[in-house]
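In what follows, a structure is listed as C-alpha cells, so that the remarks can point back to it.
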Amino acid sequence: MSTVSRAEATASRAANNPALEALTRAGFIGYGIVHLLFAWLALQIAFGKPAAEGDQSGALMTLAEQPLGKFLVIAIAVGLLAMAIWQLSEALVGHHAEQGKRRVFERIASAFRTIVYAYFAYTAWKVFKGAPTSAADSQQQKTQDLLSSGGGRAVVIIAGLALAGLGIGLVVYGVKKAFERHLKTGQMAPRTRQLARRLGMAGYSAKGVAYGIAGVLFVVAAATYDPAKARGLDAALETLRGQAYGAILLTLIAIGIAAFALFCFLQSKYRKV
C-alpha cells in the first residue's frame, strides 16, 4: 500500500470513529454558544455599551469570566478540535457523494473549515490558560508590521480582498441554501426543515456581511496606512455602529448571528458527520 493510500485509510477510519462523531456534534453546540455570545456583544456595541472585543475571541473571554466558564471554554476547545479533525478527514478523503468539480470544491471548503475550527480551538485553549487572546489587537499589530515593510501593503490588500470575497461567498451560500446539502433533511419534520432553512439563510448572510465589511476595512487600512481599521470583525461592528442607522443595522447583524448560533444547535443533530 502506498503512503497516500495509507494516509487515506487512516483518515477514513478517523472519520468513521463514533467517539469523534459524538465530540463533533458536541462541538457544534459549543460553536453555537460562542456565536450566541458574539451576537450579545454585537448588541452591546449597537446600543453603545462597553463590551469586550466584538468577535468570537471576545465571546470566549466573556464566557470564561462566568461561573464554570473556564470548564465550558475547555469543553468547547475539545469539541472544536474534533470538528477540525473531522473536516481534515473530509478534505483528504471525504465528500464521496459529490462528483467532479463539486467534490473538489467541497474538499477545499473542508480544508478551509479545518483551519477555522482549529484556530478557534487554539483560541479557546489560550483563553482557558489565561494567555492574552486579543484577536483584534493581534490583527492590528500584524497589519502595522506589514505596512511598514516592503511589499506589505500589497499583502494587506490581498488579505482584505480575500476576506471580502469570503463574506460575499457566505452570503451567496446562505441565500442559495447550499448548506442544506450537508443536513440530514430526510430526518427532519417539515417545520424543523423550514426552521433550519430560515436560520441558515439569516445566519450565513449576517456573517457574510460582517466579514465583507471587515475585508473592505483591511483594504482601506492599506490605502490609508491606518492599521487601526484592520481589527477584523471588531472593527467591522464598530464601523457599522458609526453609520446612519448604524444601531439598527448592527442589531440586524446581531440577530442574524444569533440565528447562526441556533442553526449550529440544529446541526449538532442533523449535520451529516
Side-chain angles (χ1 to χ4, degrees), residues 15-44 46 56 59-60 62-63 72 75-76 78-80 82-84 86-87 90 94-99 102-103 105-106 109-110 112-113 116-117 120 166-212 233 237 248-273:
N16 294 321
N17 188 299
L20 179 62
E21 178 179 347
L23 286 173
T24 297
R25 294 196 183 281
F28 275 112
I29 296 175
Y31 201 46
I33 292 172
V34 170
H35 280 82
L36 207 55
L37 288 170
F38 179 21
W40 171 244
L41 294 179
L43 273 179
Q44 288 183 294
Q56 292 92 336
L60 286 165
T62 299
L63 179 60
L72 291 174
I76 288 172
V78 172
L80 287 169
M83 292 170 73
W86 160 55
Q87 281 299 298
E90 289 287 274
H95 300 291
H96 292 291
E98 309 293 349
Q99 300 294 327
R102 168 57 63 177
R103 188 183 181 212
F105 170 80
E106 291 291 352
S110 286
F112 175 76
R113 294 188 193 104
V116 172
Y117 295 149
F120 285 129
L166 171 63
I168 293 171
L170 286 172
V171 172
V172 172
Y173 189 79
V175 171
K176 294 182 68 175
K177 302 182 284 293
F179 51 84
E180 288 189 314
R181 301 173 67 93
H182 302 294
L183 299 177
K184 298 177 180 178
T185 53
Q187 297 181 11
M188 294 180 175
R191 289 187 178 181
T192 303
R193 182 172 182 176
Q194 184 180 53
L195 176 62
R197 179 176 295 163
R198 290 176 177 174
L199 291 175
M201 290 178 69
Y204 280 108
S205 296
K207 286 189 67 175
V209 170
Y211 278 112
L233 292 176
L237 299 185
I248 295 174
L249 294 172
L250 193 46
T251 298
L252 291 175
I253 293 292
I255 292 172
I257 293 170
F260 183 81
L262 298 179
F263 180 69
C264 287
F265 296 152
L266 279 177
Q267 286 190 93
S268 70
K269 181 176 182 180
Y270 294 110
R271 180 67 185 246
K272 295 174 182 176
V273 177

Excluding sequence neighbours, so at least two apart, what forms side chain to side chain contact (heavy atoms under 4.5 Å, CB included) with Arg181?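 In terms of side chain to side chain contact (heavy atoms under 4.5 Å, CB included), with neighbours along the sequence ignored, Arg181 is linked to Glu98, Arg102, Glu106.
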
Restricting to side chain to side chain contact (heavy atoms under 4.5 Å, CB included), what partner residues turn up for Phe112, sequence neighbours left out? Val116, Leu166

For the student: nearest non-hydrogen atoms of [X] and [Y], plus distance:
| X | Y | answer |
| --- | --- | --- |
| Thr251 | Ala46 | OG1-CB, 3.8 Å |
| Ala254 | Ala42 | CB-CB, 3.8 Å |
| Glu180 | Thr185 | O-CG2, 4.0 Å |
| Ala259 | Ala202 | CB-CB, 4.0 Å |
| Leu80 | Tyr117 | O-CB, 3.7 Å |
| Ser110 | Gln87 | OG-OE1, 2.8 Å |

Working to the nearest 0.5 angstrom, can you tell me the gap between [X] [atom1] and [Y] [atom2]?
| X | Y | atom1 | atom2 | value |
| --- | --- | --- | --- | --- |
| Ile255 | Leu250 | CD1 | CG | 10.5 Å |
| Leu183 | Leu266 | CG | CG | 8.5 Å |
| His35 | Cys264 | NE2 | SG | 6.0 Å |
| Phe120 | Leu60 | CZ | CG | 8.0 Å |
| Ser205 | Ile253 | OG | CD1 | 9.0 Å |
| Leu41 | Leu36 | CG | CG | 10.5 Å |

Between Lys184 and Met188, is the side chain to side chain contact (heavy atoms under 4.5 Å, CB included) condition met? List the steps. CA-CA 7 Å; Lys184 298 177 180 178; Met188 294 180 175; over 6 Å; no

Is there any side-chain hydrogen bond (donor to acceptor under 3.5 Å, both in side chains) pair reaching into residues 255-273, and which pairs are they, with sequence neighbours excluded?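 For residues 255-273, and leaving out neighbouring residues, the side-chain hydrogen bond (donor to acceptor under 3.5 Å, both in side chains) pairs sorted by first residue read Gln267-Arg271.
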
Is the number of heavy atoms from other residues, nucleotides or ligands within 6.0 Å of CZ (Arg198) greater than 12?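 12 or below, so no.
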
Would you say that Leu252 contacts Val209 through its side chain, given a criterion of any heavy-atom pair below 4.5 Å between the two side chains?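 They are not in side-chain contact.
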
Heavy-atom check, side chain of Leu72 versus side chain of Ile33, under 4.5 Å: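 Sidechains of Ile33 and Leu72: no contact.
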
Any chance you could lay out the side chain to side chain contact (heavy atoms under 4.5 Å, CB included) test for Arg113 and Met83, step after step, and finish with the verdict? CA-CA 9 Å; Arg113 294 188 193 104; Met83 292 170 73; over 6 Å; no

Do the two ring centres, one from Phe263 and one from Phe179, sit under 6.0 Å apart? yes

Consider ring pair (Phe, Tyr, Trp, His ring centres under 6.0 Å). Of Tyr204, Phe260, Tyr211, which one does Tyr173 pass it with? Tyr204

